[in-house]
Amino acid sequence: MSLLDLQPARHALAQSTTSASAPRDSDLHEGEARLWLQPAHGHEARALRVAWRLHGPAAAPVIAVLGGISADRQVADAAGQPGWWQAQTARDGALDVARWRVLSFDWLDAESLAADAVDSRDQAQALAGVLDALGIARLHALVGASYGAMVGLAFAAQFPARLRRLIAIAGAHRAHPQAAALRAVQRGIVRFALDSGDAARGLALARQLAMIGYRSPRELARRFDAPAVLAAGRVRVAAEDWLEGAGARFVQRFDARRFLALSESIDLHALDPAAVRVPTTLIGFSTDQLVPVADLCALQRGLGAPCELHVLDSDYGHDAFLKETATLGALLRAALAQAAGHE
């Protein structure tokens with residue numbers, strides 16, 4: 001079945017081609033897929049390039065792995081540079097690239113689409129185009145965490161025949177109103193900073209605010225239960241060094257306008273759970289302030305295919321998908337084995 005057979009007409013993708021760099025070894029390939037995409041919030045179809053990376057043995061089943069808005073195609077180690085999900089993709093990890101063929105790509109943003117905004121459906125279209133360019137008819141699984149889970153749900157809704165199993169971690173069919181309100185304030189900080197000529201400061205502050213949402217009150221109480229101090233004419237609380245470090249690191253690797261576009265994309269995400277007709281594993285965290293368990297329960301009840309929900313208790317809130325390596329790894333292994341059982 002071709003890509004054009006699978007997609008809604010208003011999001012048609014033309015034939016895709018790819019250019020790949022010479023791999024350093026037989027298990028690592030990367031390149032750019034050239035796509036023709038009609039953005040959900042754009043006025044006309046757009047030609048664009050999507051950078052991808054593919055790890056793993058040529059004969060291994062292919063798993064797409066997608067992370068949060070700050071994630072990119074470097075999900076696993078490449079030339080000694082650890083990936084953003086190194087704990088799961090390293091040797092003996094649940095997504096060990098010596099066993100699986102792991103595919104990821106760089107997120108589109110509104111600027112690359114020449115659109116008013118970028119949608120999770122656009123990212124799903126981009127993934128489908130990358131698969132076409134690489135000659136991959138069907139994924140063994142798609143593992144999406146945070147924003148990647150939203151994109152995974154959009155992909156499953158649009159291209160059910162191209163996916164054996166969806167594993168969606170800390171992501172639901174909609175943005176929760178409280179989390180959306182928090183992101184709106186973050187974007188307001190960044191826009192104010194851009195207008196004031198200090199984008200880096202605004203982006204750092206937005207990241208600090210985000211960290212409070214990513215983590216749980218339980219963790220912050222455990223780590224930063226110390227009195228505020230008055231020094232140099234101002235009050236400083238125990239968590240400030242941690243927050244400022246997180247903000248400074250984020251500014252070094254992210255652009256303010258790209259942050260705005262991808263943050264907006266989270267809040268635009270909305271789909272009917274019944275449209276997801278792929279067997280699904282949902283994983284959530286009891287302390288997640290951004291994706292409450294109640295939303296995952298609603299998604300499970302409404303999903304248009306068999307679905308199981310696992311809720312892990314963790315101090316780390318939304319970020320538990322990066323922190324709870326062993327427990328999450330066991331669930332990933334089980335879900336991937338289920339996908340194999342449907343072959």
Side-chain angles (χ1 to χ4, degrees), residues 18-21 23-24 27-35 37 48-56 62-90 93 95 97 100-113 118-120 122-131 133-134 136 139 142-152 154-155 167-171 190 203 206-207 210-211 214 246-266 269 318-319 321-323:
T18 186
S19 57
S21 65
R24 296 182 178 89
D27 292 343
L28 172 61
H29 301 263
E30 59 186 336
E32 290 185 333
R34 289 182 286 180
L35 315 178
L37 191 148
L48 67 153
R49 296 173 180 265
V50 179
W52 56 266
R53 184 172 287 172
L54 183 63
H55 293 261
V62 181
I63 302 172
V65 179
L66 310 175
I69 63 169
S70 61
D72 56 18
R73 67 187 183 277
Q74 190 163 331
V75 66
D77 182 276
Q81 297 295 316
W84 60 262
W85 219 359
Q86 189 67 24
Q88 298 294 352
T89 55
L95 304 171
V97 294
W100 303 104
R101 222 167 181 211
V102 172
L103 172 68
S104 199
F105 69 98
D106 289 349
W107 296 128
L108 305 175
D109 58 27
E111 183 177 359
S112 64
L113 289 172
V118 61
D119 198 280
S120 57
D122 298 330
Q123 311 287 9
Q125 294 281 349
L127 175 57
V130 170
L131 294 178
L134 295 173
I136 299 169
L139 290 167
L142 189 160
V143 181
S146 189
Y147 182 59
M150 293 177 163
V151 173
F155 183 87
I167 304 171
I169 307 166
V190 172
L203 188 59
R207 181 64 169 185
M211 292 299 295
Y214 291 151
R249 289 190 297 274
F250 192 66
V251 167
Q252 293 300 313
R253 61 187 181 87
F254 221 72
D255 173 78
R257 296 191 185 280
R258 181 170 174 80
F259 168 81
L260 290 173
L262 291 172
S263 174
E264 289 176 339
S265 187
I266 296 173
H269 171 77
H318 189 73
D319 270 359
F321 76 92
L322 295 170
K323 298 289 188 179

Q: Where do L37 and D122 land on the side chain to side chain contact (heavy atoms under 4.5 Å, CB included) test, with the steps shown first?
A: CA-CA 8 Å; L37 191 148; D122 298 330; 4.1 Å; yes
Q: Taking the side chain from Q74 and the backbone from Q81, do they hold a donor-acceptor pair closer than 3.5 Å?
A: yes
Q: Quick one: side-chain contact (heavy atoms from CB on, under 4.5 Å) partners of A90, sequence neighbours excluded?
A: Q86
Q: Contact between L127 and L142 at the side-chain level, heavy atoms closer than 4.5 Å - yes or no?
A: yes
Q: Without placing hydrogens or testing angles, list every side-chain donor-acceptor pair under 3.5 Å for residues 144-152, not counting sequence neighbours.
A:
residue, atom, partner, partner atom, Å
S146, OG, H318, NE2, 2.8
Y147, OH, Q123, NE2, 3.2
Y147, OH, S265, OG, 2.7

Q: Check S104 against L66 and note the closest heavy-atom contact, atom names and distance.
A: OG-CD2, 4.1 Å
Q: Please verify the inter-ring angle class for F250 with F254; under 30° counts as parallel, over 60° as perpendicular, anything in between as tilted.
A: parallel
Q: Using the side-chain hydrogen bond (donor to acceptor under 3.5 Å, both in side chains) criterion, which residues pair with T89? Sequence neighbours excluded.
A: none
Q: Would you please name every residue forming a side-chain hydrogen bond (donor to acceptor under 3.5 Å, both in side chains) with S263, sequence neighbours left out?
A: R187
Q: Apply side-chain hydrogen bond (donor to acceptor under 3.5 Å, both in side chains) to Q88 and list each qualifying residue two or more places apart in sequence or on a separate chain.
A: none
Q: Under the side-chain hydrogen bond (donor to acceptor under 3.5 Å, both in side chains) rule, collect the residues that match up with D319, sequence neighbours excluded.
A: R215
Q: Please list, chain by chain and in numerical order, all residues satisfying side-chain contact (heavy atoms from CB on, under 4.5 Å) with A256, sequence neighbours excluded.
A: V190, L194, A199
Q: Apply side chain to side chain contact (heavy atoms under 4.5 Å, CB included) to V118 and W107, showing your working.
A: CA-CA 10 Å; V118 61; W107 296 128; over 6 Å; no
Q: Is there any salt bridge (Lys or Arg N to Asp or Glu O under 4.0 Å) pair reaching into residues 66-75, and which pairs are they, with sequence neighbours excluded?
A: E30-R73, R73-D106
Q: Return the CH2 to CD1 distance between W100 and I63, rounded to the nearest 0.5 Å.
A: 4.5 Å
Q: Would you name the heavy atoms of V97 and A76 that are closest together and state the gap between them?
A: CG1-CB, 3.9 Å
Q: To the nearest 0.5 angstrom, please state how far the CD1 atom of I69 sits from the CD1 atom of I266.
A: 4.5 Å
Q: Looking only at heavy atoms, what is the nearest atom pair of L54 and R101, with distance?
A: CD2-CZ, 3.4 Å
Q: For the residue pair V50 and A126, what are the closest heavy atoms and their distance?
A: CG2-CB, 4.2 Å
Q: Taking the side chain as everything from C-beta on, heavy atoms only, tell me whether V143 gets closer than 4.5 Å to W85.
A: yes
Q: Any pair with a residue in residues 251-262 that passes side-chain hydrogen bond (donor to acceptor under 3.5 Å, both in side chains), sequence neighbours left out, goes on the list, sorted by first then second residue, please.
A: D109-R258
Q: Which distance, rounded to the nearest 0.5 Å, do you find between the CG of D119 and the NE2 of H269?
A: 9.0 Å
Q: Supply the atom-to-atom distance L103 CG to H55 NE2, rounded to the nearest 0.5 angstrom.
A: 9.5 Å
Q: Is the backbone N or O of S70 less than 3.5 Å from a side-chain atom of W84, with the two atoms forming a donor-acceptor pair by type?
A: no
Q: If you compare all heavy atoms of A33 against all heavy atoms of A133, which two are closest, and at what distance to 0.1 Å?
A: CB-CB, 3.8 Å
Q: Quick one, W52 and L134 - any side-chain contact, counting heavy atoms below 4.5 Å?
A: yes
